[in-house]
Amino acid sequence: MNYDRILIRYGEISTKGRNRSKFVDKLRLSIKRVIADFPAAKIEAGRDRMYVILNGESAEDVIGRLRSIFGIQSFSPAVKTKKDLESMKAAALSLFNRLHTEGQTFKVTGKRADKSFELDTNEINHFFGGYLLQNVPNLKVDVRNPDINLQIEVRKEAAYLSAENIRGAGGLPVGSSGKAMLMLSGGIDSPVAGYLSMKRGLEVEAVHFHSPPFTSERAKQKVIDLSEKLAFVGGFMALHIVPFTEIQQTIHKQVPENYTMTTTRRIMLRITDELRRRHEGLAIITGESLGQVASQTLESMYTINEVTNTPILRPLITMDKTDIIDLALQIETHEISIRPYEDCCTVFVPASPKTKPRREKVQYYESFTDFEPLIEKAVNETELLIIKPGMSKESIEGTDLF
Ligand code: ATP
Ligand code: MG
């Protein structure tokens, strides 16, 4: 007997009261996108659980995809049977025979959601427990710590049997917390910051500053590949590529060298904020971690942050590099991030950037140049790519996303 559906438990979202239907819709959409290449599978969403009906698609493959979706607490592949005792016995034995190996212990956990069913919870446990003990040789009961916990749930429409409980990725469904712009470099940190933000339900659009010919096509490809990894979590990723060469050259002409980095960051932030406004986001995410490099001292953040009131989310701010790397390895962005291609900030990095840049000073240095038209031009010439899992390098702007 094969599994014919996967039961999905929501976890945290079910505590969200009136917002629940929005959460359920977002989760359903995430699942739909991530299993789009299993066309026979159908999703049934209810208030407190969801099913993926497999219709012949491989349970194992679909489970592989579900593991990365935020908003799922746990899931169980399940068999659906009619609610008569004979059908349920046959289904229980068949499922059990597939999972059980000699000498293992078990218990039955019944649940009677349909109160009109002939056995109550205790009776379900005893009836099916006894039946399995008679029919499976060398089987022992262990109610505390069983190897197999056969769950039998009797609901109105049918009975469901499952024996595996697989832990989901947790978090909240992508999009259920609103939208933010992720400043995505080619480095190790910012993809991790994006991942953690998505975990708390943010829909993320990436913004990358590109300075050809100082930064190469391969540096851009790196960011496309990173975006693709993030697309596996939410179904797709919008990536804005900002042409930054002219601005960087202007900064280097106009601003004293030890303040170029500060001004560069301030202008990147202004551009990202304008893109955020145009695409209706409510926050900006960076991969900053306190004290890691010159731009990430508190003084530096204070001076850079002056250019906007928009909330800046820094999910990695208190994390050590080794912990960030562990996460990057786990989400498979690390091997992309360590490709050696330069990004715009490494090319133009001054020999000794100020670690304690002052607001008054940077304001003064910037006052000799009108950056506004350059910023406007960069925003207008920003290229938008929609990255889907498995299709990096393609621009499909304007395509209907599912
Ligand atoms: P990362 O590993 O994310 O590159 P980092 O430790 O190298 O971070 P910085 O280079 O100081 O730190 O960058 C700090 C943050 O600024 C990055 O995490 C990212 O959010 C943003 N950033 C830096 N360079 C770019 C870029 N070229 N395009 C977009 N955002 C960038
Ligand atoms: Mg970097």
Side-chain angles (χ1 to χ4, degrees), residues 10-34 45 47 50 68-73 168-185 189-208 226-242 268-288 301 305 307-319 327 331 333 379 382 384-389 397 400-402:
Y10 304 153
E12 203 171 331
I13 72 168
S14 55
T15 64
K16 294 283 174 182
R18 260 185 293 161
N19 281 334
R20 169 132 87 188
S21 63
K22 177 176 154 200
F23 284 71
V24 173
D25 286 348
K26 295 289 183 190
L27 180 59
R28 184 195 173 97
L29 194 62
S30 292
I31 294 174
K32 187 174 161 197
R33 286 169 174 164
V34 171
R47 267 185 74 73
M50 208 176 279
S68 61
I69 297 180
F70 292 131
I72 297 180
Q73 182 190 47
L172 302 172
V174 170
S176 61
S177 302
K179 187 198 281 186
M181 311 305 276
L182 167 67
M183 296 179 70
L184 184 63
S185 68
D189 302 337
S190 40
V192 175
Y195 175 86
L196 292 176
S197 306
M198 291 165 92
K199 179 160 191 182
R200 289 315 295 171
L202 283 175
E203 178 188 343
V204 168
E205 293 192 9
V207 177
H208 178 68
L226 288 169
S227 300
E228 192 198 356
K229 283 287 175 201
L230 295 177
F232 273 102
V233 175
F236 72 97
M237 175 65 67
L239 169 61
H240 304 267
I241 308 234
V242 184
M268 283 166 87
L269 197 51
R270 283 164 70 179
I271 291 174
T272 305
D273 205 26
E274 177 57 18
L275 287 167
R276 174 204 64 75
R277 197 186 62 77
R278 293 190 188 186
H279 295 272
E280 299 174 337
L282 292 175
I284 293 169
I285 304 158
T286 75
E288 289 163 302
M301 282 182 208
N305 214 152
V307 301
T308 181
N309 288 325
T310 301
I312 300 186
L313 311 181
R314 300 177 173 93
L316 311 184
I317 197 70
T318 62
M319 285 175 70
L327 274 173
I331 66 174
T333 53
V379 170
T382 291
L384 172 59
L385 307 180
I386 304 294
I387 313 292
K388 283 190 188 180
E397 188 179 350
D400 176 26
L401 297 171
F402 313 104

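Counting from 1, the numbers follow the sequence of the chain as shown.
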Taking side-chain contact (heavy atoms from CB on, under 4.5 Å) as the definition, give me every residue that meets it alongside [X], ordered by chain and number, with sequence neighbours left out.
X: Thr308; value: Leu269, Asp273, Asn305, Thr310, Ile312
X: Ser30; value: Ile69, Val174
X: Arg278; value: Glu274, Glu376, Val379, Asn380

Open item on the list: Just verifying a value: how many Å separate Met198 CE and Leu196 CG, rounded to the nearest 0.5 Å?
Closed with: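 Taking CE in Met198 and CG in Leu196, the distance rounds to 11.0 Å.
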Open item on the list: How long is the straight-line distance from CG of Leu385 back to OG of Ser227, given to the nearest 0.5 Å?
Closed with: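 If I round to the nearest 0.5 Å, the distance is 8.0 Å.
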Open item on the list: Under 4.0 Å between a side-chain nitrogen and a carboxylate oxygen: does that hold for Lys179 and Glu280?
Closed with: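 Looking at Lys179 and Glu280, the cut-off is not met.
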Open item on the list: Does any part of the side chain of Met319, heavy atoms only, come nearer than 4.5 Å to the side chain of Leu327, both counted from C-beta?
Closed with: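 Yes, close enough: below the 4.5 Å cut-off.
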Task: Side-chain touch Thr382/Leu275, heavy atoms, less than 4.5 angstrom - done: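 Sidechains of Leu275 and Thr382: in contact.
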Can any side-chain N or O of [X] pair as donor or acceptor with the backbone N or O of [Y] at less than 3.5 Å?
X: Lys26; Y: Leu172; answer: no
X: Ser190; Y: Ser185; answer: yes
X: Ser177; Y: Arg200; answer: yes

Task: ring-ring contact (aromatic ring centres under 6.0 Å, His included) between Tyr195 and Phe232, intermediate numbers included - done: CA-CA 10 Å; Tyr195 175 86; Phe232 273 102; over 10 Å; no
Task: side chain to side chain contact (heavy atoms under 4.5 Å, CB included) between Lys229 and Ile331, intermediate numbers included - done: CA-CA 8 Å; Lys229 283 287 175 201; Ile331 66 174; over 6 Å; no
